2 protein chains.
Amino acid sequence: MDENTDPLAMKASSDGDTAKPRKRSIARKAQESRILEAAEMLFAQYGYNGVSIEAIAEQAGLSKQNMLYYFPSKEYLYHHVLKNVLDLWIDKMALFEQAGDTPASKLRSYILGKLELSRLRPNGSKIFANEIINGAPYIKEYLQQKLLPKLDTDIALVKQWITDGLMDSVDPYHLFFSIWATTQTYADFSTQIALVMHKDSLETTDYEDAGRFLTHTILKGVGLSE
Amino acid sequence: MDENTDPLAMKASSDGDTAKPRKRSIARKAQESRILEAAEMLFAQYGYNGVSIEAIAEQAGLSKQNMLYYFPSKEYLYHHVLKNVLDLWIDKMALFEQAGDTPASKLRSYILGKLELSRLRPNGSKIFANEIINGAPYIKEYLQQKLLPKLDTDIALVKQWITDGLMDSVDPYHLFFSIWATTQTYADFSTQIALVMHKDSLETTDYEDAGRFLTHTILKGVGLSE
DNA sequence: GTCTATACCCAGATAGAC
DNA sequence: GTCTATCTGGGTATAGAC
């Protein structure tokens, strides 16, 4: 990824000036990873303003002053977390690149892939959701530059399928909005879903049920059932 | 609603001790409404920790000290806002009470009703979403007591439809999760949706398109197309 | 009910010794 | 790189005059 045109660009945390990776940079990487992991979890659960850097530092196992040595400000840290999440997200958002040669199998892979991402990275999903709900202050440009081009391709693909009579004539935009919403809800709204299902938390089988429901309903709903 | 068993109960803001409503209580009600409206907007956009009571007061057109006269603490104010939102939400969540005598028309009304709520009260939707994402600290009990009973009835209804062979054998829980997610996304994720559609904000026609897409896809997807 | 003033606290960030 | 100490600003809330 080209750092120069990256709207979320920040000073590289790794060896920008100190040319060669040394022994110590390995320890540094490990510390940074632990901090980033702790930060992702806490930002997801409480939002940017709901966590103190002290809480993050404690979760990562160091003092807040020491953490500020690695990430000189809270915003800087948040940007790192956000960038990791976004790169992962945008990658999974390309329908065109999904496996399968028929429209049905491509769409099925897309839905299950997005659902799997929700299962594996619920905290990332929540951070993304928080960001969008708050008007996407940090990531608007990022989405514009990275998401829209991929999505345009995908929209065109779906339109082609419709033109070719392979599926119902539905609005392709709203199809994507629905897939995003239904898959991400299992991460973002897991509290409510678990509550409704009388569980403490969602299990793998719940995601399997969700996958079955979503692929059946959406594919059939747009006239793509095999 | 019985205040005594209400998990979000709070001291009544109106005449608890001063017995009779007087002239001044009218002015008070007006002030309170303006404060609540301002608070709902700002809490929705920035989250509980992202707004200061000063910002809310300014938006409502009074000093923060004066606002604290009406709502003696930030949390107290938030509870009021949240309670208004929740009552509205739970009401619209009952499928059983929807118009229509066929499963298809009942479900259609339900989807369009939820979508309409997103259009008319996007801020309420965002506050609700924020609350759930953060683990629903304030509203878990509320959902348990108010939402679950209604939902149980609705789940039973859908199961009956399936037993009667009126629709596909899909998991009723996930059907509701999908409807909630797809309708609320137009409020919660409006920033992203508008961005993708190259607009500044969503218009009525976008909601009509969404309604067409959702009713077509979901009804057909569960085997309920007329 | 509305104002001025202020107490109080917490969080982000910096300075400097080691 | 890690520590102790400290500065600073902003935010909630209260006191008390009018």
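Every chain is numbered from 1, with letters handed out A, B, ... down the list of sequences. Bear in mind that the values here come from a model prediction, so they are computed numbers and not experimental data.
Here B:Y69 does not reach the OP1 or OP2 of C:dT2: none of its side-chain N or O atoms lies under 4.0 Å away. Between D:dT2 and A:S63, no contact under 4.0 Å exists linking OP1 or OP2 to a side-chain N or O. The phosphate of D:dT2 (OP1 or OP2) has a side-chain N or O of A:Q31 nearer than 4.0 angstrom. For B:Y70 and C:dT2, the shortest distance from a side-chain N or O to OP1 or OP2 is below 4.0 Å.
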Residues 34-51 of chain B, side-chain donor-acceptor partners within the protein, below 3.5 Å, at least two apart:
residue: B:R34; atom: NH1; partner: B:Q31; partner atom: OE1; Å: 2.7
residue: B:R34; atom: NH2; partner: B:A60; partner atom: O; Å: 2.5
residue: B:E40; atom: OE1; partner: B:R121; partner atom: NH2; Å: 3.0
residue: B:E40; atom: OE2; partner: B:R121; partner atom: NE; Å: 3.4
residue: B:E40; atom: OE2; partner: B:R121; partner atom: NH2; Å: 3.2
residue: B:Y48; atom: OH; partner: B:E75; partner atom: N; Å: 3.4

Show every donor-acceptor pair shorter than 3.5 Å between a side-chain atom in residues 61-68 of chain B and any protein atom, with sequence neighbours excluded, or say none if there are none.
residue: B:S63; atom: OG; partner: B:N66; partner atom: N; Å: 3.1

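The side chain to side chain donor-acceptor pair (under 3.5 Å) contacts involving residues 175-194 of chain B comprise A:H174-B:Y186, B:Y110-B:W180, B:K114-B:Q184, B:S125-B:D188, where partners must be two or more places apart or lie in separate chains.
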Show me the protein contacts with nucleotides 12-16 of chain C, counting only N or O atoms at under 3.5 Å.
residue: C:dG12; atom: OP1; partner: A:K74; partner atom: NZ; Å: 2.9
residue: C:dG12; atom: OP2; partner: A:I53; partner atom: N; Å: 2.9
residue: C:dG12; atom: N7; partner: A:K64; partner atom: NZ; Å: 3.1
residue: C:dA13; atom: OP2; partner: A:K74; partner atom: N; Å: 2.9

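Listed by chain and number, the residues in a side-chain hydrogen bond (donor to acceptor under 3.5 Å, both in side chains) with A:Y207 amount to none (sequence neighbours excluded). Under the side-chain hydrogen bond (donor to acceptor under 3.5 Å, both in side chains) criterion, B:D154 pairs with no residue, sequence neighbours left out. For A:E116, the side-chain hydrogen bond (donor to acceptor under 3.5 Å, both in side chains) partners at least two apart in sequence or on another chain are A:R119. Every side-chain hydrogen bond (donor to acceptor under 3.5 Å, both in side chains) that A:Y78 has, sequence neighbours left out, goes to A:E131.
Residues A:L107 and A:V158 form no side-chain contact, since every pair of their non-hydrogen atoms from C-beta on lies 4.5 Å or further apart.
Regarding B:I26, its CD1 atom lies at a distance of 17 Å from the C1' atom of C:dG1, rounded to whole Å. Summarising the geometry, the separation between OH on A:Y46 and C1' on C:dA11 is reported as 17 Å, rounded to the nearest angstrom. Rounded to whole Å, atom P of D:dT14 lies 15 Å from atom CG of B:N66. Put simply, CG on A:N49 is 10 Å from P on D:dG11, counting in whole angstrom units. The CZ atom of B:F71 sits 16 Å away from the C1' atom of D:dA13 (whole-angstrom rounding).
Contacts of residues 35-44 of chain B with DNA chain D (heavy atom under 4.0 Å): none.
Here B:D87 does not pair with B:K146 in a salt bridge; the nearest charged N to carboxylate O distance is not below 4.0 Å.
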